[in-house]
Number of protein chains: 2
Amino acid sequence: MDNICKVCGIKSTAANLLSNEEVEEMSSNCALIPFAKGEQVIRQGVFSTNIVYLRSGLAKIHIHGPYYEQIVRIVKAPSYMGLPTTIGDKINQYSVTVIEDSEVCFINLETFRSFLKENTDFGYQIMMELCQSELELYQCCSNRTQKQMRGKIADVLLDFADRIYCSDTFHIPITQEEFGNLIDASRESVSRVLSEFEHDGIISTDGRKIDILNKKLLLKIGENG
Amino acid sequence: MDNICKVCGIKSTAANLLSNEEVEEMSSNCALIPFAKGEQVIRQGVFSTNIVYLRSGLAKIHIHGPYYEQIVRIVKAPSYMGLPTTIGDKINQYSVTVIEDSEVCFINLETFRSFLKENTDFGYQIMMELCQSELELYQCCSNRTQKQMRGKIADVLLDFADRIYCSDTFHIPITQEEFGNLIDASRESVSRVLSEFEHDGIISTDGRKIDILNKKLLLKIGENG
DNA sequence: GTATCTTTGTGATATAAATCACATGCCTTT
DNA sequence: AAAGGCATGTGATTTATATCACAAAGATAC
């Protein structure tokens with residue numbers, strides 16, 4: 001059996017705390033699988049059977065709402081996906097779908113659990129990551145509801161530029177419909193505000209391609225709601 | 001030194017997994033303090049220095065938003081408060097204020113950390129609780145934005161009845177202004193919908209006292225948004 | 001017990017954003 | 001290359017809810 005995890009250059013911070021024997025054990029209980037844009041990795045409502053690690057690519061976390069499928073957030077690799085729903089609850093409480101071609105590692109849940117129980121450094125690191133993502137959710141909660149559309153759209157554009165693509169020129173990886181579901185707005189409103197931003201010289205667009213021209217103003221719009 | 005934690009009848013599930021020696025150590029590094037309604041236990045923006053355990057009472061978790069202080073959720077004792085912001089980040093990312101007279105245990109952070117590192121059962125249990133609260137936040141996120149006022153108000157009333165007070169008759173522990181901040185609505189709208197519910201015979205009110213008369217209908221309003 | 005502040009109730013008006021409607025553009029499939 | 005389907009742009013209209021305004025009722029302080 002080849003020890004694929006050992007040679008993997010993009011292991012998680014937690015996995016780097018595992019011993020050689022543990023890495024080997026992980027390797028034997030882990031599968032690296034390519035996912036094409038649009039394929040679903042975790043499905044809300046079904047049993048969770050594996051830990052999911054997004055090795056490369058980009059994914060959206062989404063959840064059934066009363067009216068539409070709400071996109072809660074967009075996660076960039078490398079990152080575990082859905083830890084709380086996998087280790088905390090038997091049934092997935094939300095879905096994860098890849099929005100760019102990605103690589104996903106499926107790690108056997110029992111193997112992962114045994115690391116948690118036996119390697120306290122590993123457990124501690126995973127716990128820190130859970131804490132971090134919970135804190136981000138709190139932020140999410142208050143921004144989502146108090147800001148108005150222009151502010152929320154500005155925030156998302158800045159998030160793409162700064163966190164996801166690390167460039168002021170990028171390609172929006174979701175449709176305007178999904179963009180709306182991410183910020184709780186209608187597709188039409190997203191389109192209108194984007195046009196408005198372009199008209200005001202804040203961005204330039206070419207299809208899904210976005211160029212941020214006046215970042216300072218965009219930041220200000222984001223702050224003021 | 002008296003071992004107050006040993007005789008405490010409402011220890012957390014995690015604390016019940018500690019050894020006698022550990023309980024004794026916790027006892028020596030822990031203070032039980034009464035809090036009066038309205039007093040703040042955790043303040044956003046300052047250093048976190050202790051683990052906070054709400055032993056009895058009721059508290060609200062709130063966070064600065066761009067326009068108002070958003071109440072994220074209401075937590076009933078017994079429960080740890082603000083674990084992610086205490087162990088995950090040095091600076092509190094949100095505030096916790098007691099909304100009924102309560103008892104709070106402050107546990108030394110380093111003591112708690114040492115339990116996490118040395119007692120894997122304890123650590124595992126804390127991790128499960130973190131997972132659980134993160135999942136609740138996801139739910140929060142989608143309900144908060146997709147439902148309209150009547151639905152959100154119905155949900156909160158049902159939550160008070162079923163989770164918080166376990167009775168269809170109860171006293172609302174927050175002002176209508178705060179009620180609004182919890183569901184992202186204006187104070188006036190809350191007042192209006194409550195009047196409406198009373199007029200429709202769904203609830204009866206006497207000041208802050210609420211009696212749920214038609215729970216089935218309330219559930220339906222909550223579901224339909 | 002009176003005065004002051006806070007909380008609540010309710011009408012009138014304003015407004016952000018949804019919805020509806022339809023045109024246009026773009027990708028994919030054959 | 002044509003056809004069909006999905007994604008986008010933009011105007012007109014509707015609607016839920018905020019905001020404004022003020023009165024009444026409770027709570028708290030003096």
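Every heavy atom of this structure was used, including side-chain atoms; hydrogens, water molecules and symmetry mates were not. Chain naming here is simple, since letters A, B, ... match the order of the sequence lines and numbering starts at 1 in each.
Salt bridge status for B/Asp162 with B/Lys215: present, with a side-chain N to carboxylate O gap under 4.0 Å. Under 4.0 Å is where a charged nitrogen must lie from a carboxylate oxygen, and between B/Glu196 and B/Arg150 at least one such pair does.
With distances taken from any side-chain atom of A/Arg208 to the nucleotides C/dA17, D/dA7, D/dT10, the minimum falls on D/dA7. When distances are taken from the side chain of B/Thr175 to each of D/dA18, C/dA17, C/dT8, the shortest belongs to C/dT8. Counting only heavy atoms from C-beta on, A/Arg192 has its side chain closest to D/dG11 among D/dG11, D/dC20, C/dT7. Among the nucleotides D/dT8, C/dA18, C/dT8, the one closest to any side-chain atom of B/Gln176 is C/dT8. Comparing D/dA18, C/dA18, C/dA21 by their closest approach to the side chain of A/Glu188 singles out C/dA21.
Taking atom CG of B/Asp206 as the reference point, atom C1' of C/dG9 lies 15 Å away to the nearest angstrom. Atom NZ of B/Lys147 is separated from atom P of D/dA16 by 17 Å (rounded to the nearest Å). For B/Arg150 and D/dT15, the CZ to C1' distance is 15 Å, given to the nearest whole Å. If you take NZ of B/Lys37 and P of D/dT28, they are 8 Å apart, rounded to a whole angstrom. Atom CZ in B/Arg187 sits roughly 12 Å away from atom C1' in D/dA24 (whole-Å rounding). Between the OH atom of A/Tyr68 and the P atom of C/dA17 there is a distance of 13 Å, given to the nearest Å. Atoms CD1 (B/Ile153) and P (C/dT8) sit 13 Å apart, rounded to a whole Å. Regarding B/Arg144, its CZ atom lies at a distance of 17 Å from the C1' atom of D/dT17, rounded to whole Å.
A/Ser186 comes within 4.0 angstrom of a nucleotide base, judged by non-hydrogen atoms across all strands. Across all strands, B/Ser191 comes closer than 4.0 Å to base atoms (heavy-atom distances).
Screening A/Gln44, A/Arg73, A/Gln70 against A/Ile61 for a side-chain contact (heavy atoms from CB on, under 4.5 Å) leaves a single residue, A/Arg73.
Here B/Ser195 does not reach the OP1 or OP2 of C/dG9: none of its side-chain N or O atoms lies under 4.0 Å away.
Side chains of B/His64 and A/Ser142: a donor-acceptor N/O pair is absent below 3.5 angstrom, by distance only.
A donor-acceptor contact shorter than 3.5 Å links the side chain of A/Thr86 to the backbone of A/Gly82.
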